[in-house]
There are 2 protein chains.
Amino acid sequence: MSRPEPSRGRTGRPPLTSRPQILAAARRIIDRDGWEKLTVRRLAAELGIGTTTLYHHVRDREDLLIQLLNEHADRTLALDLPREPRERIVAAATAIHDSLAAWPWAAEVLTTDGFLGRLGKSSLRMVEAVLAGAVDHGCTPEQAVHVFRSIWYFTVGEILVRARSTGTDGERPAFFAGVDMSGLPRLAALGERWPELAARDTYPRALRSFVDGLLAGTAPRPSNS
Amino acid sequence: MSRPEPSRGRTGRPPLTSRPQILAAARRIIDRDGWEKLTVRRLAAELGIGTTTLYHHVRDREDLLIQLLNEHADRTLALDLPREPRERIVAAATAIHDSLAAWPWAAEVLTTDGFLGRLGKSSLRMVEAVLAGAVDHGCTPEQAVHVFRSIWYFTVGEILVRARSTGTDGERPAFFAGVDMSGLPRLAALGERWPELAARDTYPRALRSFVDGLLAGTAPRPSNS
DNA sequence: ACCTGAACACCGTTCAAGT
DNA sequence: ACCTGAACACCGTTCAAGT
């Protein structure tokens, strides 16, 4: 896993490609060409190495993406969190959300199996904060996991849906064109205002409602003594 | 869009491939080989036609998937909903959830831009039900859209994350293996119980909490007169 | 009007071999 | 120990042509 010092006497050819180099090249591609263009083949080309060489440094494409995400998390999740339980939960969830919203390509990796077990320390700190906030509020560990998972699903859903929504609203033709609106009065009344309303950033407000709803079931801890 | 009667005199060769045939073949592939195998090329092969012929009947792969989803919705969302606003919202969201949970491949299409505008009547009925429930509870149209979107994000997130989670728990090695747990006491205390807790189906409970939280902000309508 | 093969421009990953 | 080209087994989509 860790690379040896170049000065230490060792057998074999010294590596020409390092993990930080690979991640830097990947970021370069994303910034320059868009994250859709980050493929194993292009990344190798960017590094000036053979495609297959990359497979000595990353297990597969998914592994590359998770390493990239963890590095991103290290840079964006190093913040202090409030002490009060509810505010702690809200702040941690918001940090996760904002971090992911800035990297919509993260969507590809968010839903992989066993994702949590492959997360780095920075991300796990945020998971811990939500769990601790819930427990401090009076939740059992089981309830705390439920609180975390609920918030996680909502956050992932928000990111994934909005990541694919074009910001190019304005010149788009009738959103509900060709849809038969009979029997759908509320939807019909909204009509073409829908795209505008759907584009609003309502994550913070919805998050607070959700946290309130989740914590309402469990009695808050009695103040000490 | 609609196909002509074969008996009516018309110019040109009669079509050998119809929309229902295509959708039936697609379902056959999904049931037999798994939804990952549903590709344009395989579908054409299943139908016994050239790959390019398919492009006369569907605009592209995404269009095929949305047609398939709408057909699925027609078969699964034809249910009655309770009249009481809160129960109406919960029932509609649960119907959407259960319908999607049964077809995890729907994940591929859920997040496409302008998705709502391409939905069929059965799905829009559920959207309408959530909006109507919120308005009947006392929400403004703007708030009702907020309620729908919040529930939608949560539902999509739950489906997408759980769709990729293997049900093959039991023989999997240590979930948090190799993770440094120092400074993460709540997570450490949970330890290897995490996969078991994360596998629980908590959607209904979390949904109720969310709906409660979302409706709490808006005063319930005064009973009539 | 409907259908087609060939081609374009790609993918991720593995193998056996080279230095 | 590290790197490699070639190959495998695919993708979605477009074009110009055939019946």
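Quick note on labels: first sequence line is chain A, next is B, and so on, each numbered from 1. Model, not experiment: these values are computed from the prediction.
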**Report entry** Atom-to-atom span, CG of B:Leu64 to C1' of D:dC11 - whole angstrom
**Finding:** 15 Å
Report task. Work out which heavy atom in B:Arg200 is nearest to a heavy atom in A:Arg149; give both atom names and the distance. Result -> O-NH2, 2.8 Å
Query raised in the report: Donor-acceptor pair, B:Thr76 side chain versus B:His72 backbone, under 3.5 Å?
Result: yes
Query raised in the report: Do B:Tyr203 and B:Thr155 get their side chains close enough for a donor-acceptor pair, meaning under 3.5 Å?
Result: yes
Query raised in the report: Given atom CG of B:Asp63 and atom C1' of D:dG12, what is their separation to the nearest angstrom?
Result: 14 Å
Report task. Measure from OH on B:Tyr55 to P on D:dA16 and round the result to the nearest Å. Result -> 17 Å
**Report entry** Under 3.5 Å on both distances, the Watson-Crick or G-U partner of C:dC8
**Finding:** D:dG12
Query - Phosphate contact (D:dC11 OP1 or OP2) by B:Arg42 side-chain N/O below 4.0 Å - result: yes
Requested in this report: Would you tell me if any nitrogen or oxygen in the side chain of B:Thr53 comes within less than 4.0 Å of OP1 or OP2 on C:dT4?
Outcome: yes
**Report entry** Inter-nucleotide C1' distance (D:dA7, C:dC10), Å rounded
**Finding:** 16 Å
Query - Side-chain donor/acceptor of B:Thr39 to base of D:dG12, under 3.5 Å - result: no
Query raised in the report: Which of the following nucleotides, C:dT14, D:dT4, D:dT13, is nearest to the side chain of A:Ile49?
Result: D:dT4
Query raised in the report: For B:Asp33 and D:dC11, what is the distance between atoms CG and P respectively, to the nearest whole Å?
Result: 11 Å
Requested in this report: Take the protein atom CG of B:Leu54 and the nucleotide atom P of C:dG5, then report the distance between them rounded to whole Å.
Outcome: 13 Å
Report task. Decide yes or no, distance alone: a donor-acceptor N/O pair under 3.5 angstrom between the base of D:dG12 and the side-chain of B:Thr51. Result -> no
Query raised in the report: Which pair of heavy atoms, one from A:Arg27 and one from A:Leu68, lies closest together, and at what distance?
Result: CG-CD1, 4.4 Å
Query raised in the report: Which nucleotide sits closest to the side chain of A:Thr52: D:dT14, C:dG12, D:dA6?
Result: D:dA6
Query raised in the report: Does the C:dC2 base have a donor-acceptor partner in the side chain of B:His56 within less than 3.5 Å?
Result: no
Report task. Specify the separation, in whole Å, of atom CG of A:Leu43 and atom C1' of C:dT13. Result -> 15 Å
Query raised in the report: OP1 or OP2 of D:dC2 sitting under 4.0 Å from any side-chain N/O of A:His57?
Result: no
Query raised in the report: Is the backbone N or O of B:Phe176 less than 3.5 Å from a side-chain atom of B:Glu192, with the two atoms forming a donor-acceptor pair by type?
Result: yes
**Report entry** Distance in angstrom units between B:Arg61 CZ and D:dT14 C1', rounded
**Finding:** 18 Å
Report task. Please tell me which of B:Leu38 and A:Gly50 maps to the more 5' nucleotide of DNA chain D, matching each residue to the nucleotide holding its nearest heavy atom. Result -> A:Gly50
Query raised in the report: What integer distance in Å separates B:Glu36:CD from C:dC11:C1'?
Result: 17 Å
Query raised in the report: Is there a Watson-Crick or G-U wobble partner for D:dT19 with both distances under 3.5 Å, and if so, which one is it?
Result: C:dA1
